[in-house]
Amino acid sequence: MLSSMCTEPHPAARRAAERFLATNPGDPASYPAVADLETQAIEYLGEIAGLETPDGYVASGGTEANIQAVRAARNLARDGTSADGESVNVVAPESAHFSFHKAAGLLDVELRLVPTEDGKADLTAVEAAVDEGTALVVGIAGTTEYGRVDPIGELAELARSVGARTHIDAAWGGFLLPFSDHEWTFADAPIDSMTIDPHKVGRAAIPAGGFLVRDRALLDALAVETPYLESASQASLTGTRSGAGVASTVAACEALWPAGYRENYERARANAEWLAGELSERGFPVVEPELPIVAADLPQDLFETLREAGWRISRTGRGELRVVCMPHVTRGTLGRFLADLDSYR
Ligand code: PLP
């Protein structure tokens, strides 16, 4: 499996998930044990993302967290409309995950996608796209296709200049970036919200997405009253949620933060660089990995043959082979992949 951003849960995360299968953090007054675990989960995610007093919740995944970020910003921005009564807009690089398209459609906001340069948001294009109707500027810390990290500080400054909020999508990159020298955290820039998913590189069980906010007001902007529950309001998008996701997030973080995640980052980075070098030596043009995703131009028929042979591989929008070096992807697996590739070309 070389195409997925999900991986094998850590054994402790698997055990915790099973223990909490029948609990619902969406109803914290009825399920106080899992509610306490969710507080711990958010503390861990806050520590990883450089947020001293974190708030947020464990969502169903990065899609929900991104939708919620757009929803909160829209709800707080001039009651959802710009000064001239038009719907508000969200500015994001074209590398943004397709969940932002879902968010825009659901929430009736205009999604302004701006070009990228070397896979990263082009700041001149962002500056030209933002205006007084902009509710949110999105930056990606680890893009889905190429693992690129946008210039987060500069994006946040541009957002501020028009009174907009900043959301960082670190759904995939969040458990890798603490060990790199990128600036991406709440401590590095005036970020308002972040997506950081335990069920990807965090090795929690699916479903476990992370939605973090600097200011509680963003969660309040999402909350609805919950008359028939013991608790008074609910900020999550889904009602019943997975206690398994919450409990396994805490178990994975207890087991792996920080040493285990650092080890994973180092291994994944070395594997990505090795694979990129091997593909390049064979004459396939390679996109230099920044975080451990390798993209390379492979002939179409070779790609198809490898898929038919059972390799789970995917393609970028431009048609390149895309290999995500997740924790389950070992040097041995990559060596076998290259051996197959050599035998079929
Ligand atoms: N954001 C990024 C950067 C992603 O790579 C993904 C999924 O790959 C998502 C959001 C969506 O996450 P999910 O599939 O958990 O909803």
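Counting starts at 1 for both ligands and their atoms, following the listed order.
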Is a salt bridge present between [X] and [Y], judged by a nitrogen-to-oxygen distance below 4.0 Å?
{"X": "R336", "Y": "D340", "answer": "no"}
{"X": "E157", "Y": "R160", "answer": "no"}
{"X": "D150", "Y": "K120", "answer": "no"}

### Query
ring-ring contact (aromatic ring centres under 6.0 Å, His included): which pairs involve residues 309-333, sequence neighbours left out?
W311-F337

Check: every ligand 1 N/O to protein N/O pair under 3.5 Å:
unit_1	atom_1	unit_2	atom_2	d
ligand 1	1 (N)	D169	OD1	3.2
ligand 1	1 (N)	D169	OD2	2.6
ligand 1	5 (O)	T144	OG1	2.8
ligand 1	12 (O)	G62	N	3.4
ligand 1	12 (O)	K200	NZ	2.8
ligand 1	15 (O)	G62	N	3.0
ligand 1	15 (O)	H199	NE2	2.9
ligand 1	15 (O)	K200	NZ	2.9
ligand 1	16 (O)	G62	N	3.3
ligand 1	16 (O)	T63	N	2.8
ligand 1	16 (O)	T63	OG1	2.6

### Message
By the side-chain hydrogen bond (donor to acceptor under 3.5 Å, both in side chains) test, which pairs, at least two apart or in different chains, include something from residues 291-309?
### Response
Q300-R315, E304-R315

### Message
If the condition is salt bridge (charged side-chain N to carboxylate O under 4.0 Å, His left out), which residues does R318 pass it with, not counting sequence neighbours?
### Response
E320

